[in-house]
Structure formats: structure tokens, C-alpha cells
There are 2 protein chains.
Amino acid sequence: MKEAKNNTIHDVARVAKVSIKTVSRILNNDPRVREANVVKVKKAIIELNYKMDFNARRLRTKQSYLIAVLYFDYRGNFYANMVIGGAISACDELGYDVLIRPIKYSGENLMSSVMHMIERSNPDGFILPPPLCENQLLLELLNKKNIPLVRISPCDINGNDLVYCDEVSATQKAIQHLISLGHTEIGFINYLVGHAAGNWRYEGYKKALAEADIKERPELVEQHEYQANIVEHAARRLLKLPNPPTAIFTTNDASASIIYRVASQLNKKIPYDLSVMGFDDDPVVEYLWPPLSTVRQPVTELGYEAAKLLIRKFIQKEDVTEIVNPKCELLIRNSCGPLIS
Amino acid sequence: MKEAKNNTIHDVARVAKVSIKTVSRILNNDPRVREANVVKVKKAIIELNYKMDFNARRLRTKQSYLIAVLYFDYRGNFYANMVIGGAISACDELGYDVLIRPIKYSGENLMSSVMHMIERSNPDGFILPPPLCENQLLLELLNKKNIPLVRISPCDINGNDLVYCDEVSATQKAIQHLISLGHTEIGFINYLVGHAAGNWRYEGYKKALAEADIKERPELVEQHEYQANIVEHAARRLLKLPNPPTAIFTTNDASASIIYRVASQLNKKIPYDLSVMGFDDDPVVEYLWPPLSTVRQPVTELGYEAAKLLIRKFIQKEDVTEIVNPKCELLIRNSCGPLIS
DNA sequence: ATGAAAGCGCTAACAA
DNA sequence: TTGTTAGCGCTTTCAT
């Protein structure tokens, strides 16, 4: 089936005229080898086109060199894709593979799916994007089994097993942009209540208003957990207010596109009659007109840093102290215009 | 780190009072064992909570029990996600794991990425969704290395290493729907030239027109390879024709959303002044208004069948003859209305 | 139908 | 710093 017999460390050792253990040491970057031997062995490795057999190493070390990424499997989950892409880059660099696991529903299904994964493939660590990073049962299970994990954007950012980006000041900047355009009546639609993102983005909204001495009008704020049609109702209510907002910030781009629809039904032209600011830079916005101003979250980078932290600090027990939290970026496109009074 | 010592086949053999080879045979469904022993061993396995060590098996058999899924990594590639989801379901059932590999560009990057994957993880087989299923270099490489593969929706459907669905008749039905609404001037915008999907969908369009005795107007047909803004230009040209189409079919939903935009700019109301029919049931359409009529492609099922075929027929060499090709489904929503003359 | 022994390619322990 | 030896847990001869 597969190719002819592959060379092993024995062949390398023979050609380089050293012991197999020396070869093994060089393969594993053990510093206790003479430079001359390193040179000889590296030459032999190239000459023989030697490739290490990872399964033999796995058998011996009881490590799988596999990182598991869990994610909720719903249509259009671009976030998970980006996390995975980033994790794969980091794993490539560090010699690990990524195993992914789409989760269809929470509860029973989640736990049995994870158990199955552990029993079959024995991942060396887990990456948990939101909202799975909040699941206590899951966290306890991994903890009990002593399997390290890194959480992405969890609600509680105390701890050293997480990466996130500063969404508070990112949102603050987005609202500042609206304020700089002259807006003072700024609506806020949040359907991420319960996620860290929902809390952070609301906090950023409040900070931006406060620093500009704008009093928050509670009737301009809609906060909900995810639910079908909720954004549509919220947007309709806001825009039908006697003194409606002239700009709306929403916690994610998918809802921004619903606001576009409601605005069009109410004959409000974006950005002339209404400014809209989203968050995420979701691929769906590519098809919105006018192009949506939004905040790009560095999700790929979060996946990359999560995998790197997991492997280096928690699996290979390196002494990693500095944690990199990538930055958000305000993308100004055409959905926000100056206030026309 | 990990739990206490796990039980091995030796423990199972001891408890069941048979040899380890008998346990191994039962684990591998070898028929040459006495029923009484099967019962004893299965009992011991449960009693000891025995889990097979897959790495030991991998080392011994030179199989990785890994299936590789390659895909192009562009924003909003929902197709790849669905293929992967389906492949994971099938692999779960059959005891394999899925390794995924996003490809950023074709050419050099693709080949080195695949080589790297083979050297590191040695997948037992590959699943190639379009357009990677057309890449001759890749096909040759896998062929030369004797690694089995299954292609999804390739241009040439002669062969037994592929799955696809009948997009010709699916498109035909979609166009029939438009015709049944009274439309005869039906535009066709294709930006999948070079993909099997592009050819098939055009064929379905022509068949539907022919069977309704509608003469194809070449100026209503736009065929292009993927290129930015091409759909916008195409839609604008069609809709500005002296005798413009009253309905447009487009080969994918993302372009449908661009047609929505152009229509709105030209003050054509969907579905009153223009009917639009898409293809794919892409998540982006959820945010289109009015809801887009389109054709759902059973992509998850294609991924599932591809993995199943790959493993059973080409890896485990079972005698699989019947190949399941899942069906497309016409989703009638609100973007197509009757012809108002 | 069943078992004993060998060995897959690697790393860990220990010795030198 | 280097080498020798002994397995990791499984499957595969080859006997029986």
C-alpha cells in the first residue's frame, strides 16, 4: 500500500556512526549533544530522507500530539473557522495536529462527544472558544482528567489559561467614531447577553457615552440572549420611538444586516437617515449595501495564540509568562454618516 | 499527567482466561473465534473498562486511521464546513479521525501543505471537495504515493472514486418553477465556469428552456470564472437591456445577494419587478429580504458519503458497489413571483 | 480455533 | 556526553 520501507533512527545512527539514543536526543532538541554529532546526524537525516514515525513516539510517550478544538456547529459560524485556522498555523509550527469537534447541542451531547474524543484520540489539550469556554461541566471534566485547556474570550478573565482581545476599548472607539460624526442619540442592540462579548461591548458603549457627557437613555438599549426575530423587534421599536436614535450600534454584524432591512422597510436611508455600526466583520457583511462599518475581531490570531499558549505553557511546561492578546480594529466603511440636523 | 495505568489486552486476556491473540481477534472482528470466548472477552472488556490504545495499533499496522479533508480557505466557505461535518459523522461511526487542512492558495502552497501532512500524519485517505478535486498535480501526487481519495462533485463523473448530486435536474426544476410562474425571459448568471457545478447548472437551465420551447437568448446569459465585481456588472447589463429578463437564475446565493443590490439601485422590486433564484442555500441568504428561493445542496450528506465510501471501499477494501448520491431540494421562498404583464 | 514469541520505531532509565 | 537495554501495546507470523 504505502511506500517502500522507511528509514528509522537505526539507519540514521548507522550512517552517522553514533548510537540511536544520540539521534533521538537530536530529534528532540536535547542540548546534551556535541555539535559535531549534531552535524553528522543532520547530514545523515537528509541523506536518508529520514522521517520520524510519530506513532512510535506517541506509543512511547503517551502523548498524542493532538490539540482538540470544540465549536458550536450552526450555519455561518465563521468565528469557529477562524479559530481553527489560527490553531492549525500554530500547531504546524510546533509539530501538533488539530482535531476538531463540532457540537450540535449542549448538555448530554457535548459531554458524550468530548468523552468519546478523549477515549479515542486522547488529545493533549483543548481549545474552548465561546460559549463553550463557560461550560462548567466541561471545564470540570477536563480538569478531573488533568487535560490542559485554553479558553478564548471567557467571561471571567482572571486566570492564565485564556486569551482574549480588548473589546471594551474597541467598542468604545466605535462609539467614539459615531459621536465624532455628531451623533448623541445612539441605540445599542445586544443579543449576546451571557457571553463575555455582550458584557464587554455594553461596557464600551457606556464608557464612550460617559466620556462625551452623553446621558444614556435606557429606552435606546435592548439587551437579549439569542432568540429568533429578537433583533428585528428591537430595531423596529427603536426606530419607531418619538425621538429615535440617529445611529445604532449592534453587537454583531448579522444583526446589523437585520437593522438594514428594518430601516429600509421604514424608509430610512443608511447612512443619511441612520448610521449603523456592527461588530465582528462577519463574511455576511460583504453582501450588505452600503458597506457596513464594523470592528474586526482578530479571531484567527486568537486561535493562533490560544494554541501556542496551550502547547508551550501547559503541555510542554515552558515558562511562558507574557501572554499576547491581539487587538481589534475599527473598519470604517459607508454605513455611518454625519448627523444631519 | 494522564490517569492511572490503563488496562491492556494482556489484562483482558488474563481476566477472560484466553490469549492476547484471541482478544486481538475479537477486537478486530475476526470471525475465527468461538462464540463462548467472544462472550467472555466482551465481559472482561466491560469489567476492566478496557480502551484500546490506538497508537500501538497504528505503530503496528502502519495505518493512521486518519482521513484528510482539504479545502480552500476563503471567508464564508460554508461548503467546506458542511463537508467536514459530514465526514466527521461517518468517521465517528467507522472509528477514524478527521484531519483538516485549509489551503490558502493553489500551486506551490497546496503541494507543500499536502506533502507536509502526509509526512507528519500519514492520512489513510483524502477527501477532495471542489475545486481541489480537479487539481491534476494533487491527484498525481496521491496516486503516486498510493493514497486513496474520493472526490466530491468533480467535472468528470466517470469513475468510482467520487460522489456528487444531480445538479442538472435540480437546476432544471428551479427554472421550471420560474417558467410555471409565467417567466420566459430568464437570465442566467454563472460565475462558476470551470467548476462542475457551473457546467451542470447551465445544462439544467438549457434543458428547462428547451422542454418548455423557450428559445435561449444568448444576451441573457453571462458566464465567467470567479472575479470581483463580475456579478454586479453582469446583473447591471442584464437589467438595463431594452428587453430585460423578468427573472434571473444565478449559480450561487452570494451572487443572488449582489443581484438584490443592483435591482434595488435600479428601483426594481423583488419579487414584483424581478424574480431571483439562487443555488446553494448559503448562510448569507438568511439576511436577504425578501427571503431567497434557492436550491439546497446536500453538502453534509456528500461529505458523509464521501468519507464512508473512502473508508469502506478504498481503505478497508470492502466490496462496495452501490454508491449513494444524495438529492438536491428546491426551496421556494419569496424571491420569485408571478409574471405581471 | 488458539497461542507463543517476535518486533513495529521510538524514548526512558541507567550505566559508562 | 554517549550508549545499552528494556519495554510502550498492539498485530503478525508460525506453530499447534
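Chain naming here is simple, since letters A, B, ... match the order of the sequence lines and numbering starts at 1 in each.
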To the nearest angstrom, how far is [X] atom [atom1] from [N] atom [atom2]?
X     : N      : atom1 : atom2 : value
A/N28 : C/dG9  : CG    : P     : 17 Å
B/N6  : D/dG7  : CG    : P     : 19 Å
A/K21 : D/dA6  : NZ    : P     : 16 Å
B/N29 : D/dC10 : CG    : C1'   : 16 Å
B/D30 : C/dG3  : CG    : C1'   : 14 Å
B/R32 : D/dT11 : CZ    : C1'   : 12 Å
B/D11 : D/dG9  : CG    : P     : 9 Å
B/E35 : C/dT2  : CD    : P     : 11 Å

Listed nucleotide nearest any side-chain atom of [X], set [options]:
X     : options                : answer
B/D53 : C/dT11, C/dC10, D/dC10 : D/dC10
A/K62 : C/dC10, D/dT2, D/dG9   : D/dG9
B/I9  : D/dG3, D/dG9, D/dT11   : D/dT11
A/R60 : D/dC10, C/dA12, C/dG3  : C/dA12

Phosphate contact ([N] OP1 or OP2) by [X] side-chain N/O below 4.0 Å:
X     : N      : result
B/N55 : D/dC10 : no
B/R57 : D/dT11 : yes
B/S24 : D/dC10 : no
A/Y50 : C/dC10 : yes
B/T22 : C/dG3  : yes
A/N37 : D/dT1  : no
B/S19 : C/dA4  : no

If we ignore angles and hydrogens, is there a donor and acceptor under 3.5 Å between the side chains of [X] and [Y]?
X      : Y      : value
B/S64  : B/N122 : no
B/D30  : B/N28  : no
B/K145 : B/N143 : no
A/R14  : A/N7   : no
B/Y304 : B/E93  : yes

Hey, does B/L27 reach any base, or is it just sugar-phosphate, or nothing, if we go heavy atoms under 4.0 Å?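 Nothing, no heavy atom under 4.0 Å.
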
Should B/D53 and B/R58 count as an ion pair when the cut-off is N to O under 4.0 Å?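 No, B/D53 and B/R58 are not salt-bridged.
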
With DNA chain D as reference, determine whether A/V33 or A/I20 sits nearer its 5' end, using the nearest nucleotide of each. A/V33

Kindly say whether, by distance alone, the side chain of B/R25 makes a donor-acceptor pair under 3.5 Å with the base of C/dG3?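 Indeed, a donor on one side and an acceptor on the other fall under 3.5 Å apart.
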
